[in-house]
Structure formats: C-alpha cells, structure tokens
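Heads up: the structure comes next, in structure tokens.
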Amino acid sequence: MATFTRRSMAFLALAVVVLAGAAVDAQQLSPNFYSKTCPSLATIVRQGMASAVQKEKRMGASILRMFFHDCFVNGCDGSILLDDTSTFTGEKGAGPNANSVRGFEVIDAIKTQLEASCKATVSCADILALAARDGVNLLGGPTWSVPLGRKDSRTASQSLANSNLPGPGSSLATLITMFGNQGLSARDMTALSGAHTIGRSQCQFFRSRIYTESNINASFASLRQQTCPRSGGDSNLAPFDVQTPDGFDNAYYQNLLVQKGLLHSDQELFNGGSQDALVRQYSSNPSQFSTDFVTAMIKMGSLLPSSGTKTEVRLNCRKVN
Ligand code: HEM
Ligand SMILES: *[C@@H]1O[C@H](CO)[C@@H](O)[C@H](O)[C@H]1NC(C)=O
C-alpha cells in the first residue's frame, strides 16, 4: 500500500512536470513579450506597414487576410510564410492561397529590419499578427494591443490549408462549422467577416453569384458583370465595398442589408438566417462592430499550434533555420 502510494505520488509528480512543460510550450501570450528584448518592435512593424500601405492601400487588406490564413492552419505559427522546398510542399500552393494570398515581400522587409535591430528574437508569426493589426488601423480601422510570444513552425501543411479555410461558395452552416472547428463562435465569424470591408476579390470567386443568384441587387450585379465576364477575366479584381474600398468601416454590413455582398459566402450572413440580427446591429452601430472585431481578432490570434509541434524563431520567414 505504501509502495503503491509512493508510486502514485511519483506518477503525479511526473504528470505535473509534463503538464508544466506543455504549458510552457503553449506559451501564454502577452503584449509585453518583447518589451525588454526588442523595444523597437512596434515602431519597426508600423513603419514597414505604413510604407507598404502608402505604396498600395490594398496591402493593408492583403496582410490581414494572410494572418487569417496562417491562424486557421495549425494555429498562428507563420506556417503560411514558408516557401516550398524539394522535401515538402507548403501552404502557399494550397487552393485558397495560390495566386491569391499576397504581401510576402512586405513581411520579409519588416523581418530584415527586425533582424538588424533585434537579432534572432521576434517570430515571423508575431510580425504577421502585428502587421495585420497595423494594416487594419492604417486603413481607418481600430487599433488594439496584440498579445505576443508566438513561435514559428518548422513545417507547413498544404492539406490542412485546403481543408480548414472556407471557400467563397460556403453556406452559413459551413461557415459556422469551420469557424467552430477553430473554437470561434458564429458571432466571431460574423465580426471577422467584416474584414471584407477592405480589399479586392478576383472575378472567379464571385462570378456565379453575379450571374445566377437572385438575392443580389440587380444594378450591383450588372456593375460587377461589366468587369467580370461570363467567361474569361478570372483574375479581374473588384472591391468588396463599392463606396469605401480602402476604408475599414462597417459598410460591409450596410451592403449586406441591400444585397450587395460580393461573395456568396458574404451574403449568406444576411439571407434570413441566424446572423441577420447581428448584421443589422453592426450596420447601424460601428463601435459595436469595432469592439467585436477586435475581440475576435485577439481570439483568432491566440490559436496556437497543437502541442508537441516543434517551433523556433525563424531567421528568414521563408525557411526553417
Ligand atoms: C468567412 C469566410 C471567408 C471566406 C469564404 C473568404 C473568402 C475570400 C475570398 C474568396 C477572397 C478573394 C481572394 C482573391 O480574390 O484572391 C477574400 C479576400 C479577403 N479576405 Fe476573406 N474570406 C473569409 C473570411 C475572412 C476573414 C476572417 C478575414 C480576416 C479577418 C478575411 C480577410 C480578407 C481580406 C482582407 C481580403 C482582401 C485581400 C486582398 O485584397 O488582397 N476574410 N476572402
Ligand atoms: C439597387 O441598388 C441601386 C443603386 O444603389 C438602388 O438605386 C436600387 O434601389 C437598388 N435596388 C433595390 C431593388 O433595392
């Protein structure tokens, strides 16, 4: 009995050590994570994003989307930034990313600056989280303090990128399920979709909506048809939001109310379903949208790689050390 108890105690002690190890792995994120080791971090990222957005406003949107596509694939671990090598194919070539996600050179430029000021210190995953926040803010959206301390993955998963990211033809039920799979609520999903108040979409992703759907404003559909023909022009761009294409505001929801959602998946949020009331709220209450968007961004940004994933602080965001 005494032996048994001692063994149980030993097991318990071991379990505590293992759990503590896991807790250190899945680090608690904190806005002050680099305050001693890289005090210039926020300024460097801000400047990098400011100059990118000054060159091209859309870049604020592109980086925000890159962050979303990073976080939904084994957590926010910079996996989307890895280039293919001879031994593995990364996420850049996945369906939702190929010829679509853009802005990698902006992250590279910021990383170069950071390596000069704070060598081997700041993870690419954290750079992306800060850059996405700054992209939103530089286009007129809210700002918030970003919890930091993410590590970079040593691998990427093209198959998870293909299966975890929702497509433009998704139904409301599918959207709710796919965000739910990441621990995000329907409310988080609807708030995060407000990201489509900025940026552009290629014709191929909204063609079927503008030619075949009935829950679309007719003059909006014919406007979009002018630059998105029935065949050809797949990569022609249209803004998500007609009025303020580069302004981060709540116009996305106002557009949904008048059936001017660009993607099928956008209009699904206001098509007689469970999110209608929330879309109405966000359309008339910009500060409610702002608050919920920030809450959901922090939540999405807290998705971490599954425990046991090998991580590091990459020196070059495109390749493992
Ligand atoms: C709800 C499910 C979502 C679907 C089905 C979806 C789908 C898409 C599609 C098809 C595009 C156009 C890509 C292209 O033309 O190359 C796009 C663009 C974009 N998405 Fe989403 N998205 C979703 C959620 C989100 C979320 C959660 C965010 C960020 C929080 C986001 C941010 C963006 C931004 C900013 C753009 C414009 C990018 C640019 O102009 O470069 N999206 N999305
Ligand atoms: C569609 O949008 C146009 C232009 O904004 C507007 O004048 C028209 O009333 C809308 N049509 C419907 C049926 O709401």
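We count ligands from 1, going down the list as the structure has it; atoms in each ligand are counted the same way.
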Check: When only distance counts, is His196 in polar contact with ligand 1, meaning an N/O pair under 3.5 Å?
Finding: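 Between His196 and ligand 1 (N or O atoms, distance only) the closest approach is under 3.5 Å.
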Note to self: Out of Gly167, Ser100, Ser193, Ser201, who is nearest to atom 1 (C) of ligand 1 when you count heavy atoms only?
What the structure shows: Ser193
Check: Which is closest to atom 18 (C) of ligand 1 in terms of heavy atoms, Gln202, Arg65, Glu268?
Finding: Arg65
Under a 3.5 Å threshold, yes or no: a donor from one side chain and an acceptor from the other, between [X] and [Y]?
X      : Y      : value
Ser145 : Arg133 : no
Arg150 : Ser123 : no
Thr197 : Asp249 : yes

Determine yes or no for a side-chain-to-main-chain donor-acceptor pair under 3.5 angstrom, with [X] supplying the side chain and [Y] the backbone.
X      : Y      : value
Ser185 : Asp188 : yes
Arg230 : Tyr211 : no
Asn162 : Ala94  : no

To check your reading of the model: name the closest protein heavy atom to [atom], its residue, and the distance in Å.
atom                    : result
atom 41 (O) of ligand 1 : Ser62 OG, 2.6 Å
atom 35 (C) of ligand 1 : Ala61 O, 3.1 Å
atom 2 (O) of ligand 2  : Asn217 ND2, 2.4 Å
atom 25 (C) of ligand 1 : Phe68 CE2, 3.3 Å

Checklist line | Interfacing atoms of ligand 1 (cut-off 4.0 Å, heavy-atom, Ser265) | finding: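 So the answer, numbered in order with elements, is 5 (C).
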Item checked: Enumerated ligand 1 atoms positioned under 4.0 Å from heavy atoms of Leu192 -> 26 (C), 27 (C), 30 (C)
Mark the output for [X] as yes if a heavy-atom distance to ligand 1 is under 4.0 Å, and as no if none is.
X      : answer
Pro166 : yes
Phe206 : no
Phe67  : no

Check: Taking non-hydrogen atoms only, is Leu237 closer than 4.0 angstrom to ligand 1 via side chain, backbone, both or neither?
Finding: neither
Notebook entry, point to check: What do the steps show when you test Phe289 against Tyr253 for ring-ring contact (aromatic ring centres under 6.0 Å, His included), and what is the final call?
Noted result: CA-CA 9 Å; Phe289 163 53; Tyr253 303 100; 5.0 Å; yes
Next item on the list: Please state which part of Lys260 comes within less than 4.0 Å of ligand 2, counting heavy atoms only: side chain, backbone, both or neither.
Entry: side chain
Next item on the list: Can you spot which of Lys92, Arg65, His69, Glu91 makes a side-chain hydrogen bond (donor to acceptor under 3.5 Å, both in side chains) with Asn97?
Entry: His69
Notebook entry, point to check: Which ligand 2 atoms, with their elements, are less than 4.0 angstrom from a heavy-atom of Ser219?
Noted result: 1 (C), 2 (O), 3 (C), 4 (C)
Margin query: In terms of relative ring orientation, are Phe72 and Phe179 parallel, tilted or perpendicular, with 30° and 60° separating the classes?
Written below: perpendicular
